[in-house]
Trainee: 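Have a look at this one.
Chain letters run A, B, ... following the sequence lines, proteins first, then strands; residues in each count from 1.
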Amino acid sequence: MSSFQAPKGTYDILPADAATVLAVREAIAAPLRRSGYGYIETPVFEDVNLFSRGVGESTDIVSKEMFTLTKRGSEELALRPEGTASVLRAALQANLHRTGNLPVKLWYSGSQYRYERPQKGRYRQFWQVGAEAIGAEDPALDAELIILADDAYRSLGLRNFRILLNSLGDKQCRPVYRAALQDFLSGLDLDADTVRRAELNPLRVLDRQARVGAGATGRRADAGRLPVRGLQGLPRAGPRAAHGGRVSFEDDTKLVRGLDYYTRTTFEFVHDGLGAQSAVGGGGRYDGLSEMIGGPSLPSVGWALGVDRTVLALEAEGVVLTAPGATDVFAVPLGEEARRVLFGAVTGLRREGIRADFAYGGKGLKAAMKAADRSGARFALVAGERDLAEGLVQLKDLTNGDQTPVALDALVATLKEKLK
RNA sequence: GUGGGUGUAGCUCAGCUGGCAGAGCACUGGGUUGUGAUCCCAGGUGUCGCGGGUUCGAGCCCCGUCACUCACCCCA
């Protein structure tokens, strides 16, 4: 073991788990690719102000969870804690909203960073696949995105997730409701954290975290006691009407996401196999974000799904994504002449699209056969002087031990037939 | 930032009120000089996280420290 280890809150994706991770990323991306979303990549770090203005100064993400970078002595950059602000910034910078049709539909896949105490399902570096539909106010877009996420999860075999839906109000009604809520909360005996939150962002108090009563020992607030219906009559019904009943929602008037840019439609995909965490993905409308970062009015909607948490959810449900073996044929040479010939044969097989590997390191026959077995290959290709003298190689089926001689120049055709 | 749990072989873990370092799997070699997976035999498996203390004697008790992990908080 080296004297170094992965930094706190990070982990390595090793070959044994990589197939699942890649399959999850692909499963989320596939519905987007066939629905008109274009792929975009942005830098992993941005001007720190993009996030403090976009995500919101009052959010935990910005106030205490950002990895900031110093550039020549002053803090100016931060590792991205989420993807939406960067994607919108890139779209505005490249004038995608002026050069193409609206909405501009984009998807991304990448790592995000938050400086938090790690625990199950929560890491300092984690992966999201996200989608954004920028510059249109059509509730059908909200519905489209929810359906695409639902399709992605179902294509993976995930079943026990739920979709929570709420509205956070718009420019007109939110300030009114916010003031009313603040007024209501000021009359309650709340713990110190909640008092602070009620000042900065009272809506977040609704998000089932509030403790009412004496400080930290207080009990969780009963939702029925909070004026959660203050935002009724807003376009929460939009995505519901547009989606045509294809996925089932649960109304959750306490759902308030931890990013300030959300307006109106908000939703979260939750799963109970993630330890103390519950969200595998979430999103919503962010009609005002563009203006917050200096752009024109571009009402938009988007989501991000957590790759790491989706993997945990699959594990919790016992879903195993079948990974094909990495190798079809494993070559085992006997002697120097055979090494030269079989190495060439392996190269030839690979160029024909057959997955092939070789017993490197000068192993003895027994060890080389063991390596062939462990490689997961269906066939071992064995040859020594006796075979080569006749232009043959021995092809051994490792599933049943049957071994047949094959002419060296008929190898490709024979294997293509057997591997069909 | 706060609290709980755990650190013993490559991996999963036993180890009793303090008395000689353990099991299974994995690994290496041999049984088979040209055959894996099965079977048999032999064998490394180790700063017991690290540092100090108590004791004739510490994996075990005490103090400190680090790491991992789970939870609070928050979110993907």
Trainee: If we take the P atom in both B:rA26 and B:rC11, what is their distance in whole Å?
Mentor: 15 Å
Trainee: Any side-chain N or O of A:Lys120 below 4.0 angstrom from OP1/OP2 of B:rU69?
Mentor: no
Trainee: Under a cut-off of 3.5 Å for both distances of each Watson-Crick or G-U pair, what dot-bracket string does RNA chain B give, using [ ] for crossing pairs and | for inter-strand pairs?
Mentor: (((((((..((((.....[..))))((((((.......))))).)...(((((..]....))))))))))))....
Trainee: B:rC62 and B:rU17: how far apart are their P atoms, nearest whole angstrom?
Mentor: 13 Å
Trainee: Distance alone, cut at 3.5 Å: any donor-acceptor contact between the side chains of A:Tyr153 and A:Ser155?
Mentor: no
Trainee: Answer yes if the side chains of A:Asp397 and A:Gln403 hold a donor-acceptor pair under 3.5 Å, and no otherwise.
Mentor: no
Trainee: Compare side-chain N and O positions of A:Arg257 against OP1 and OP2 of B:rA76 and report whether any pair is under 4.0 Å apart.
Mentor: yes
Trainee: Before you tell me yes or no, could you show the steps for A:Ser86 and A:Phe51 under side-chain contact (heavy atoms from CB on, under 4.5 Å), namely the whole-Å CA-CA distance, both residues' side-chain angles and the distance that decides it to 0.1 Å?
Mentor: CA-CA 8 Å; A:Ser86 305; A:Phe51 303 120; 3.9 Å; yes
Trainee: Report the residue (A:Ala279 or A:Ala383) whose heavy-atom-nearest nucleotide on RNA chain B is the more 5′ of the two.
Mentor: A:Ala383
Trainee: Can you check whether A:Gln119 has a side-chain N or O nearer than 4.0 Å to OP1 or OP2 of B:rA71?
Mentor: yes
Trainee: Look at the side chain of A:Lys370 and decide which nucleotide, out of B:rG3, B:rA76, B:rA37, has an atom nearest to it.
Mentor: B:rA37
Trainee: Just by distance, with hydrogens left out, do A:Tyr37 and A:Glu144 show a side-chain donor and acceptor under 3.5 Å apart?
Mentor: yes
Trainee: State which residues pass ring-ring contact (aromatic ring centres under 6.0 Å, His included) with A:Phe67; sequence neighbours excluded, sorted by chain then number.
Mentor: A:Tyr115
Trainee: On RNA chain B, check which nucleotide each of A:Arg117 and A:Thr10 is closest to and give me the residue with the more 5' one.
Mentor: A:Arg117
Trainee: Do A:Asp287 and A:Tyr261 have side-chain N/O donor and acceptor atoms under 3.5 Å apart?
Mentor: no
